[in-house]
Structure formats: C-alpha cells, structure tokens
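Below is one structure, written out as structure tokens; comments come after it.
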Amino acid sequence: MIPTIEWKDGKVLMLDQTKLPGEIVYVDCADYKTVAKGIKELWIRGAPAIGIAAAMGVALAARDIKAKDFDSFYGKLVPACDHLAAQRPTAVNLFWAIDRMKRFAALHRDEGVAKIKELLAREACKVLEEDIKINRAIGEFGAGFIRDGDTVLTHCNAGSLATGGYGTATAPIRVAVEQGKRIKVFADETRPVLQGARLTAWELMHDGIDVTLITDNMAGYFMQKGEIDLAVVGTDRTVRNGDVANKIGTYTVAVLCKEHGLPFYVAAPTSTIDLSMPSGEHIPIEERHPCEVTDVCGSLCIAPRGVKVKNPAFDVTPARYITAIITEKGAFRPRDIRKLGDAGADLDKVRIKREERP
Ligand code: MRU
C-alpha cells in the first residue's frame, strides 16, 4: 500500500492524489494553510484521510504560534482551526479531528505552550495510527459478509488512499483476500472526479487484487446479468437515523442493489458518525466547481462553453437501502447506529454476527 499522509521532520507529507495514476508526487506541507489547500484541492480526500490531514494541520498551526500563555495561544489556534474547517463541508471527520485537537489542547492547558505544541504533534500522529488499526478492525468484521467467489461493487475510493492505510470499503475485501477467498472487485469510475478509475482501480491493481473498471451507468447491467453479488461503499457522514452521505452516485447504487436483492454495505470508522444530526437531509452537500463536469481531468473540455452545470459532490442514501454499517466496533443495522452514542447500550445485543451475512 502506498502511504497517503505522513508527519515527517516537522512537516506533513501528502500524496497528491490529483496526479494519480500518472505520477506519484508527495507535497511537503510546511504550514497549516498548505494543508488546508491540499484538502480543498483534493490532493488528499476521503473522509478519514481528511480528518488525519486536519489533525496534522492543527499541529502545524500550533507549532508556528508565538504566545507565552495558554489563553493567547488558544486564541490564535482557533482561527487556524476555523480556516481548516472551512475547506470542505460534508465529511464530518474534518470537524471531528479539529474538535479532538482543540479539546486535547485545552485538556493540557496547564503544561505550558511549548509542551502543548509537542503533545499536539504527537496527538496528530496518533489519529493516523488509530485510523490504520480501525481500518483493520472494519476489515475483520466485514470480511465475514464476503463469500468465496463473490464479486463486490464499490463506488468512489474508500480505499487505502482515503484513509491512513487499508481503507474502509476496501478493508473487508482486503481481509477476505488474505483469508484466501477468491474475490473480484468492480470499481465504478465515479464521475466527475473519477476516484474509482484513477484511485480505486490503481490501488487495487497495485496490491494485486482482481479489479475491473466500469463506468457508473454499467452497474445495473451487471447486476441484471448476476455478475455482482454485493456492494460495499464508504461514507462521509452517517447520521442518527442511519442515513449516510457518500460520493455522488452512491444512492443510485443502493437503489439498484435493492431492486436486485443484493446486500448494500457501508464501511466506516465511528469518527464518521454524527449523532447530532437526526437524518440525512440535514447533511451539508458540497457543490464543487462546474469545470469538474465540463472538463475531464482539468484538460479536455467535453461540453459546450457556457452550459449550465450542477455539481453536487455527494448524495444521501436513506437508511432503508443499507443492509449494514460496518464499523471498528462491529456491524450494525442502520437503525441501531444511534446506540453507539449511548453509554448504557448493550452493543452485543445489536451487533450483527461476523459470519452471518445479513
Ligand atoms: O470527494 P472525495 O474524494 O473526498 O469523496 C470521498 C468519498 O466519497 C468516500 O467514499 C468517503 O469519503 C469514504 S472514504 C473511506
């Protein structure tokens, strides 16, 4: 697996995913504003990876603050956090990571500014380390739902490139392959930014996993022919009633799965769960630049000049289309996801058994 992001020599080293699959280029981000630019411009993307980048961005911002006492330090940290938070609206991991870093700083307020800066850098690295472990746990829980010989459809890139490593949607696939199951993956190309074609197809090929690229409008055809057994996707935000927001086109895949009686799984770390939102219609959907639709890979124009364009980057899949949400704490029916925020809940009662494919 190619590392997506690293904290190295006091800088954030970020793989520029806009250049894939043609070139492997790492950008050195020496300050938080460059990290913010990387999030906005999709050098780094995918909800968990955005969270990791934001945590590292906060650590860089903290390091560069000149302040003698905590209050003046914190007063300067908050605007930097706000700047990072303003880059993309949908993936809740961005806000989750920034809040975590702010709370962590406040918790250590009595330890002195120099010490807090050092601790924040360590905490950001911990966010990355934890993500790698969480991905693995998602894989262990999810692999039980994939049978020997299955073909799995995935949409966008919820792979190692979207996380600290291993991926969310790709984690069950990777573990199933490690278990010796013969698995094939169909990757939707994922217009308009082509995360499926440029990233998922590339990373799975790189790791020796059998992958076939299809355009977004081909999924129904292959389901009708019985060539797809299940779908696994990621999410940018999962809310209280189990609705999820993920890359535009995910809803279409979920509806197709229901029509064909196929399981539709969502794989995500619990940091992607936002229990403060009651249902999916409240999730802010990012509208991106029209040129992503009118041009391919920023160079070839495929539409008439001046045409009206809409470019929502995400859609909401209602809970009723989702078979299970696979997290590092186990797999759950969407209606039970709210119990993850309930300290008194007995999760064993609602956790789906590993080998029991719902
Ligand atoms: O616009 P992107 O590339 O950041 O969108 C990414 C997705 O939609 C992913 O499926 C989602 O963030 C989950 S990543 C594990």
Side-chain angles (χ1 to χ4, degrees), residues 4 46-55 85 88 90-104 123-145 158-160 162-172 174-175 232-246 250 264-280 282-283 314 316-317 319 322-354 358:
T4 309
I50 291 171
I52 298 162
R88 295 191 76 187
T90 307
V92 77
N93 302 60
L94 176 63
F95 315 104
W96 167 86
I98 293 169
D99 282 353
R100 171 173 166 162
M101 296 296 278
K102 277 162 70 180
R103 271 188 281 112
F104 185 83
E123 185 67 4
C125 295
K126 206 167 144 205
V127 173
L128 169 60
E129 284 155 28
E130 283 174 10
D131 188 65
I132 295 169
K133 288 191 192 129
I134 285 169
N135 291 177
R136 181 77 210 183
I138 290 171
E140 302 285 342
F141 280 112
F145 303 154
S160 62
T163 63
Y166 223 68
T168 62
T170 56
R174 289 179 185 280
V175 173
V232 189
V233 300
T235 164
D236 281 76
R237 198 184 290 234
T238 302
V239 294
R240 208 170 171 79
N241 71 343
D243 291 351
V244 305
N246 191 48
T250 301
F264 177 85
Y265 299 112
V266 173
T270 48
S271 54
T272 306
I273 299 174
D274 178 2
L275 293 178
S276 72
M277 259 180 204
S279 58
H282 300 277
I283 302 174
F314 300 94
V316 172
T317 299
I322 302 168
T323 310
I325 300 175
I326 309 164
T327 75
E328 74 277 17
K329 296 192 173 156
F332 301 92
R333 304 267 177 200
R335 61 169 180 266
D336 292 324
I337 219 67
R338 68 184 66 202
K339 301 206 170 115
L340 288 170
D342 178 353
D346 183 355
L347 292 183
D348 279 340
K349 279 208 178 123
V350 288
R351 192 178 282 115
I352 299 165
K353 306 240 172 337
R354 275 177 202 243

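All figures in this text were calculated on a predicted structure; none of them were measured in a lab. Every heavy atom of this structure was used, including side-chain atoms; hydrogens, water molecules and symmetry mates were not.
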Report summary line: In this structure, OG1 of Thr235 is separated from CZ of Phe314 (nearest 0.5 Å) by 9.5 Å

Query - For Asp348, all residues meeting side-chain contact (heavy atoms from CB on, under 4.5 Å), sequence neighbours excluded - result: Asp346, Arg351

Report summary line: One should read off an interatomic distance between Phe141 CZ and Lys353 NZ, to the nearest 0.5 angstrom, of 12.0 Å

Query raised in the report: Should we count NZ of Lys102 as having more than 12 external heavy atoms under 6.0 Å?
Result: yes

Report task. Can you see which heavy atom on Val92 is nearest to which on Ile273, and at what distance? Result -> CG1-N, 4.4 Å

Requested in this report: Kindly compute the distance separating OG1 (Thr163) from CD1 (Ile52), expressed to the nearest 0.5 Å.
Outcome: 6.5 Å

Query raised in the report: Measuring from Asp274:CG to Thr238:OG1, what's the distance to the nearest 0.5 Å?
Result: 9.0 Å

Query raised in the report: Just by modelled atom types, is the Ser279 backbone N or O under 3.5 Å from a matching donor or acceptor in the Asp243 side chain?
Result: no

Query raised in the report: How far apart are the C-alpha atoms of Asp336 and Arg333, what are their side-chain angles, what is the distance that settles it, and do they pass the salt bridge (charged side-chain N to carboxylate O under 4.0 Å, His left out) test?
Result: CA-CA 5 Å; Asp336 292 324; Arg333 304 267 177 200; over 6 Å; no

Query - Passing option when Val244 is tested against Ile337, Thr272, Thr317 for side chain to side chain contact (heavy atoms under 4.5 Å, CB included) - result: Thr317

Requested in this report: Show your reasoning for whether side chain to side chain contact (heavy atoms under 4.5 Å, CB included) applies to Glu328 and Lys133.
Outcome: CA-CA 9 Å; Glu328 74 277 17; Lys133 288 191 192 129; over 6 Å; no

Report task. Look up atom CZ in Arg88 and atom CG in Asn93, then write down how far apart they are to the nearest 0.5 Å. Result -> 11.5 Å

Query raised in the report: Closest approach of Val127 and Ala55, non-hydrogen atoms and distance?
Result: CG2-CB, 4.0 Å

Report summary line: So CZ of Arg240 and CG of Leu340: to nearest 0.5 Å the spacing works out to 10.5 Å

